[in-house]
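When a ligand or atom number is given, it counts from 1 through the structure's own listing order.
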Amino acid sequence: MEKCLLLGNGAREAVIAEAMSQKYELYSIMPYENPSIVAFVKNSKGKFLIGSPFDKELVKRFIQENDIKYCIISSDNLLQEGLIDLAKELGLKTFGPTSKAAKIEWSKTYALEVVKELEPKMIIQNFEVNSEAALEEVAKVYSDENFVVKPEGLTGGKGVKVGGIHFATKEEGIAYAKECLKQSGKVILQDKVKGKEFTVMCLTDGKTVITLPTTFDYPYRYNEDKGPGTGGMGCIGFANGLLPFLTEQDIETCRNLMEKTIHFLNQESLEFTGILYGGFFKTEEGIKFIEFNARFGDPEAMNVINSFETPFADVAEDVFNRKFIGKKLPI
Ligand code: GLY
């Protein structure tokens, strides 16, 4: 069996480990033992190390000492920090974007700029704010709490706050925007729109794009959609790959944007492979863009990986080798 490094240690990686261990000898570096990943690594006769996957010297040594040839990463911070870039430099075949391409997730302003250029009608009115003075001006646009505050960088799904849900008054929302501004020097204020949120993920080897079954995420911590937002407490998908409120045309609209985005990210050199995750709203004015992630959603990976007709490890092999052609692919 070929040797494959899997970095990241969430529930998502446990599912990836289960699928990849069918075909690969798995290697992993994790800060603490994730029992599922450890079990799949051991079953595959691979090896794991307790340590920081962000420690590039450690990762490099582990790759070289074990003669690892493949690398799969689907974790936002690791992608931002360039662990795929490191694997590529060391000659590994990779599944996951470089840091430059993962910017589509780790910079919310960049993602909005790209979508504005590619499909302006999918943009919800928003304001990028770089200073307290600019924030005061933008605050005048909103008469009440009906807006959304989006931090610029990665927040593990817990950063976006919606008026009427996460903050009760305009003043509270602006105070949170100020906090975000202090942290990263940028924050986005966006109109709050009425609609149904959904996720479409696309799988790509950089050239071919496959649309995966649509999912509906439940991000609130408590029952009945109450409590703070989380990365995801669970999600649903249906056998036909759609959700009851979506049409094939809606998915086509999302796919069109995602194809253009992947093409845009890869136009100078091959930077983006793996999964592009699109968060969208279905509104009365059409499908609107919320955000991109440069990886599998967690928990969405569980539903979607298990719905593949072709084993995920075979699909990943095609991504590693940049060739989708001639194989039976997922729905
Ligand atoms: N479940 C949402 C995310 O992974 O970002």
According to a hydrophobic-cluster definition based on side-chain heavy atoms being under 4.5 Å apart (Ile, Leu, Val, Met, Phe, Trp, Tyr only), do [X] and [Y] belong together?
| X | Y | value |
| --- | --- | --- |
| L276 | I73 | no |
| I188 | V148 | no |
| L118 | Y110 | yes |

Inset, instruction - Kindly indicate, with the supporting measurements, whether the criterion side-chain hydrogen bond (donor to acceptor under 3.5 Å, both in side chains) is fulfilled by T199 and Y277. - result: CA-CA 7 Å; T199 300; Y277 170 119; 3.3 Å; yes
Legend entry - Flag, side chain of N34 to backbone of N9, donor-acceptor distance under 3.5 Å: yes
Inset, instruction - Not counting sequence neighbours, list each pair that qualifies as a salt bridge (charged side-chain N to carboxylate O under 4.0 Å, His left out) and has a residue in residues 122-143. - result: E137-K140
What are the atom names and distances for all N or O pairs under 3.5 Å between ligand 1 and the protein?
| from | atom 1 | to | atom 2 | distance (Å) |
| --- | --- | --- | --- | --- |
| ligand 1 | 1 (N) | D217 | OD2 | 2.9 |
| ligand 1 | 1 (N) | G231 | O | 2.6 |
| ligand 1 | 1 (N) | D298 | O | 3.2 |
| ligand 1 | 1 (N) | E300 | OE1 | 2.9 |
| ligand 1 | 1 (N) | E300 | OE2 | 3.2 |
| ligand 1 | 4 (O) | R295 | NH1 | 3.0 |
| ligand 1 | 4 (O) | D298 | N | 3.0 |
| ligand 1 | 5 (O) | N293 | ND2 | 3.2 |
| ligand 1 | 5 (O) | R295 | NH2 | 2.9 |

